[in-house]
**Student:** 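Handing you a structure now.
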Amino acid sequence: MKALVYHGPGERGWDTVEDPAIVDPTDAIVRIDTSTICGTDLHILKGDVPETTPGTVLGHEAVGVVQAVGAGVTTVAPGDRVLMSCVSSCGRCRYCKEGRYGQCLGGGGWIFGHLINGLQAELARVPFADNSVYKVPEELTDEQVLFLADILPTSYEVGVLNGLVAPGDTVAIVGAGPIGLAGILTARLYTPGRIVAIDLADSRLESALRFGADETINNGSQDAVARVMELTDGLGADVSFEAVGVPETFELAADLIRPGGRVANIGVHGKAASLHLEKLWIRDVTITTGLVDTFSIPQLMRLIASGRLDPSLFATHRYPLADTMAAYDTFADAARTGALKIVLQGAEANAGAVGDARVQVAAVA
Ligand SMILES: NC(=O)c1ccc[n+]([C@@H]2O[C@H](COP(=O)([O-])OP(=O)(O)OC[C@H]3O[C@@H](n4cnc5c(N)ncnc54)[C@H](O)[C@@H]3O)[C@@H](O)[C@H]2O)c1
Ligand SMILES: [Zn+2]
Ligand SMILES: [Zn+2]
């Protein structure tokens, strides 16, 4: 089969590799029809994720059709169309029993395209298939559910739910990349009073308005704290999400919050950030952290099916799966290309009639 293979920092290829086979009785083999690229894949390519070894197939978000299952798989069968989550679950360990699959102790957690071969490929071996894949209802296209593999549950669980977003709240979201934008979409499920998006890139702030932000602040040219205080009678936001992953945005997210408010950190941090306890101790502030568990996939899928959550805005570009190399170039150059998420379509993708005039269909070279 063909797959996008990581060959060490800065190196990747669309290579011919051996077809995956069932190893454990709980495995399934899935034909990948629709996949996508995550900012985390770019981190791996930079060499920021040393546990991912050269030779690993990348990708942790996909939809496909089951081709074969191991003897121990009882709830999915060949022919089933399934969503594969960025987080796998053994279903048996203490954390999986609590629905905290991200912390799985039994071999699950974030493994695709990280510790085992991933989903930017024609076929994939999917461990713990009974606990880790989600059947896709007939009426939904691959693309409608694709972003449930990572960004939507991440922002919903680690942002909205950890941050206890409530009706009427002012929600300040620092970072308007795919994660911050998914934070806007899923915060709206709780009818906040106002969503304020903060980013250095005007193009991302324009996206934020399309996704439903009420106010935008370019913190490169404006004082974000002063503006949020102005909007909230000097109190600060009820909830802030950190959706970037650098020290200054964590510190900004903490500065934006009102006494009694909540800071929900979503960003992946590689460096120490300062926690200003000397300012915060007296303000009754709650700070949460988290790795996504994806326990909310079924709930969010129901919202998509009922038309109350529409992730189609994320799909800015589409490429054939065979052009994954070119898709990476487009995704990595988001400042110029405006890419949010790129849909990679295999020959048998269930594409349906999703999308609208905003979607640029990438030219096939
Ligand atoms: N906790 C989890 O489980 C989880 C899961 C997935 C992703 N993440 C993390 O979420 C973060 C966001 O992901 P993404 O895919 O949206 O990333 P992204 O890089 O596409 O977007 C980040 C955005 O932040 C903006 N930005 C950069 N520096 C800024 C600054 N100083 N002030 C304001 N804005 C700034 C950029 O312009 C960009 O729009 C990343 O750290 C990612 O690793 C966490
Ligand atoms: Zn991801
Ligand atoms: Zn487990």
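When a ligand or atom number is given, it counts from 1 through the structure's own listing order.
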**Student:** I need the nearest protein heavy-atom contact for atom 22 (C) of ligand 1: residue, atom name and distance, please.
**Tutor:**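 The closest one turns out to be A243 O, 4.1 Å.
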**Student:** Which protein non-hydrogen atom lies closest to atom 27 (C) of ligand 1, naming both residue and atom, and how far is it?
**Tutor:**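 Checked against all protein heavy atoms, atom 27 (C) of ligand 1 sits closest to V244 CG1, 3.5 Å.
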**Student:** Looking only at protein heavy atoms, which one is nearest to atom 5 (C) of ligand 1, and how far off is it?
**Tutor:**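 I find the closest protein heavy atom is T154 CG2, 3.3 Å.
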**Student:** Of all the non-hydrogen atoms in the protein, which one sits nearest to atom 43 (O) of ligand 1, and at what distance?
**Tutor:**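 Here the closest protein heavy atom is V268 CG2, 3.2 Å.
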**Student:** Salt-bridge test for R194 and D214: reply yes if a basic N is under 4.0 Å from a carboxylate O, no otherwise.
**Tutor:**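 D214 and R194: not salt-bridged.
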**Student:** Just going by heavy-atom distances, which of D48, T249, L340, T289 is nearest to atom 31 (N) of ligand 1?
**Tutor:**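 Shortest heavy-atom distance from atom 31 (N) of ligand 1: T249.
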**Student:** Does L205 offer a backbone N or O that forms a donor-acceptor pair with the side chain of D199 under 3.5 Å?
**Tutor:**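 Such a contact is absent between D199 side chain and L205 backbone.
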**Student:** Is atom 17 (O) of ligand 1 near the protein, in the sense that some protein heavy atom lies at less than 4.0 Å from it?
**Tutor:**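 Given the 4.0 Å cut-off, atom 17 (O) of ligand 1 does not count as touching protein heavy atoms.
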**Student:** Of the choices G183, A182, P178, G220, which has the non-hydrogen atom that lies closest to atom 20 (O) of ligand 1?
**Tutor:**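 Comparing heavy atoms across G183, A182, P178, G220, the nearest one to atom 20 (O) of ligand 1 lies in P178.
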**Student:** Of all the atoms in ligand 1, which lie at a distance below 4.0 Å from a heavy atom belonging to L291?
**Tutor:**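 In order of number, 3 (O).
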**Student:** Should R258 and D238 count as an ion pair when the cut-off is N to O under 4.0 Å?
**Tutor:**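 Answer for the salt bridge query: yes.
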**Student:** How about N265 and T289: does a side-chain donor come under 3.5 Å of a side-chain acceptor?
**Tutor:**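 No, because no side-chain N or O of N265 sits under 3.5 Å from a partner of the opposite role on T289.
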**Student:** How are the rings of Y190 and Y156 set relative to one another: parallel (under 30°), tilted (30 to 60°) or perpendicular (over 60°)?
**Tutor:**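 Tilted: the ring planes of Y190 and Y156 meet at 30° to 60°.
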**Student:** How wide is the angle at the Zn ion (ligand 3) spanned by C93 SG and C96 SG, rounded to 10 degrees?
**Tutor:**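 It is 100°, given to the nearest 10°.
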**Student:** Atom 19 (O) of ligand 1: which protein heavy atom is closest, and how many Å away?
**Tutor:**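 Of every protein heavy atom, R204 NH1, 4.9 Å lies nearest to atom 19 (O) of ligand 1.
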**Student:** List ligand 1 atoms under 4.0 Å from L200, heavy atoms only on the residue side.
**Tutor:**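 Going through ligand 1 atom by atom, the ones under 4.0 Å from L200 are 28 (N), 29 (C), 30 (C), 31 (N), 32 (N), 33 (C), 34 (N).
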**Student:** Determine whether the side chain, the backbone, both or neither of N219 has a heavy atom under 4.0 Å from any heavy atom of ligand 1.
**Tutor:**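 The side chain, only.
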**Student:** If I apply the N/O under 3.5 Å rule, does V246 come out as touching ligand 1?
**Tutor:**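 No; every N/O pair is 3.5 Å or more apart.
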**Student:** Check whether any N, O or S atom of D41, backbone or side chain, sits closer than 2.8 Å to the Zn ion (ligand 2).
**Tutor:**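 Short answer: no, not a single N, O or S atom is under the cut-off.
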**Student:** Tell me whether the count of non-hydrogen atoms from other residues, nucleotides or ligands lying under 6.0 Å of CZ in R100 goes above 12.
**Tutor:**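 No, CZ of R100 has 12 or fewer neighbouring heavy atoms, counting only those of other groups under 6.0 Å.
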**Student:** State plainly whether one hydrophobic cluster holds both V133 and I22, where clusters connect Ile, Leu, Val, Met, Phe, Trp and Tyr through side-chain heavy atoms under 4.5 angstrom apart.
**Tutor:**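 In one cluster: no.
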**Student:** Pick one of side chain, backbone, both or neither for how D150 approaches ligand 1, counting any non-hydrogen atom pair under 4.0 Å.
**Tutor:**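 Side chain only.
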**Student:** If we only count N/O pairs under 3.5 Å, is V292 in contact with ligand 1?
**Tutor:**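 Right, the criterion is met.
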**Student:** If we only count N/O pairs under 3.5 Å, is I266 in contact with ligand 1?
**Tutor:**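 I266 vs ligand 1: N/O contact under 3.5 Å present.
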**Student:** Nearest N/O/S atom of D150 with respect to the Zn ion (ligand 2), by atom name, please.
**Tutor:**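 Of the nitrogen, oxygen and sulfur atoms in D150, the Zn ion (ligand 2) lies nearest to OD2.
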**Student:** Scan side-chain atoms only and decide if E61 and T36 contain a donor-acceptor pair under the 3.5 Å cut-off.
**Tutor:**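 Judged by distance alone, the side chains do not pair up.
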**Student:** With the Zn ion (ligand 3) at the center, what angle do SG from C104 and SG from C90 span, rounded to 10 degrees?
**Tutor:**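 That angle works out to 100° after rounding to 10°.
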**Student:** Looking just at side-chain N and O atoms, do S85 and Y101 make a donor-acceptor pair shorter than 3.5 Å?
**Tutor:**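 Note: S85 and Y101 side chains miss the donor-acceptor criterion.
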**Student:** What protein heavy atom is closest to atom 21 (O) of ligand 1, reported as residue, atom name and distance in Å?
**Tutor:**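 Here the closest protein heavy atom is G177 CA, 3.4 Å.
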**Student:** Answer yes if the side chains of Q120 and S35 hold a donor-acceptor pair under 3.5 Å, and no otherwise.
**Tutor:**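 No, S35 and Q120 have no side-chain donor paired with an acceptor closer than 3.5 Å.
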**Student:** Just checking: H60, one of its N/O/S atoms, less than 2.8 Å away from the Zn ion (ligand 2), yes or no?
**Tutor:**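 Yes, within the cut-off.
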**Student:** Would you check if there is a donor-acceptor pair between the side chains of S312 and D310 at a distance under 3.5 Å?
**Tutor:**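 Side-chain D/A pair, D310 to S312: present.
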**Student:** Can you tell whether the side chains of D150 and K341 come within less than 4.0 Å, N to carboxylate O?
**Tutor:**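 Looking at D150 and K341, the cut-off is not met.
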**Student:** Measure the distance from atom 37 (O) of ligand 1 to every protein heavy atom, then report the residue, atom name and distance (to 0.1 Å) of the closest one.
**Tutor:**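 Of the protein heavy atoms, D199 OD1, 2.6 Å lies nearest.
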**Student:** Using heavy atoms and a 4.0 Å limit, tell me yes or no: is G267 in contact with ligand 1?
**Tutor:**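 Yes, G267 has a heavy atom closer than 4.0 Å to ligand 1.
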**Student:** If we count only N and O atoms by modelled type, under 3.5 Å, do the side chains of N218 and D202 hold a donor and an acceptor together?
**Tutor:**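 The answer is yes; a qualifying pair exists.
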**Student:** Is there a polar contact, in the sense of an N or O pair closer than 3.5 Å, between G290 and ligand 1?
**Tutor:**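 Such a contact does occur with ligand 1.
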**Student:** Considering heavy atoms of the protein only, find what lies nearest to atom 14 (P) of ligand 1 and give residue, atom and distance to 0.1 Å.
**Tutor:**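 Checking every protein heavy atom, the shortest distance to atom 14 (P) of ligand 1 gives I179 CG1, 3.7 Å.
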**Student:** Short N/O distance, under 3.5 Å, between G175 and ligand 1?
**Tutor:**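 No: no nitrogen or oxygen of G175 is under 3.5 Å from one in ligand 1.
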**Student:** Could you check whether any side-chain N or O of T216 sits under 3.5 Å from a backbone N or O of A197, counting only pairs where one atom can act as donor and the other as acceptor?
**Tutor:**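 No, because the side chain of T216 does not come within donor-acceptor range (under 3.5 Å) of the backbone of A197.
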**Student:** Hey, is R12 close enough to D329 for a salt bridge, meaning N to O under 4.0 Å?
**Tutor:**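 Yes, charged N to carboxylate O under 4.0 Å.
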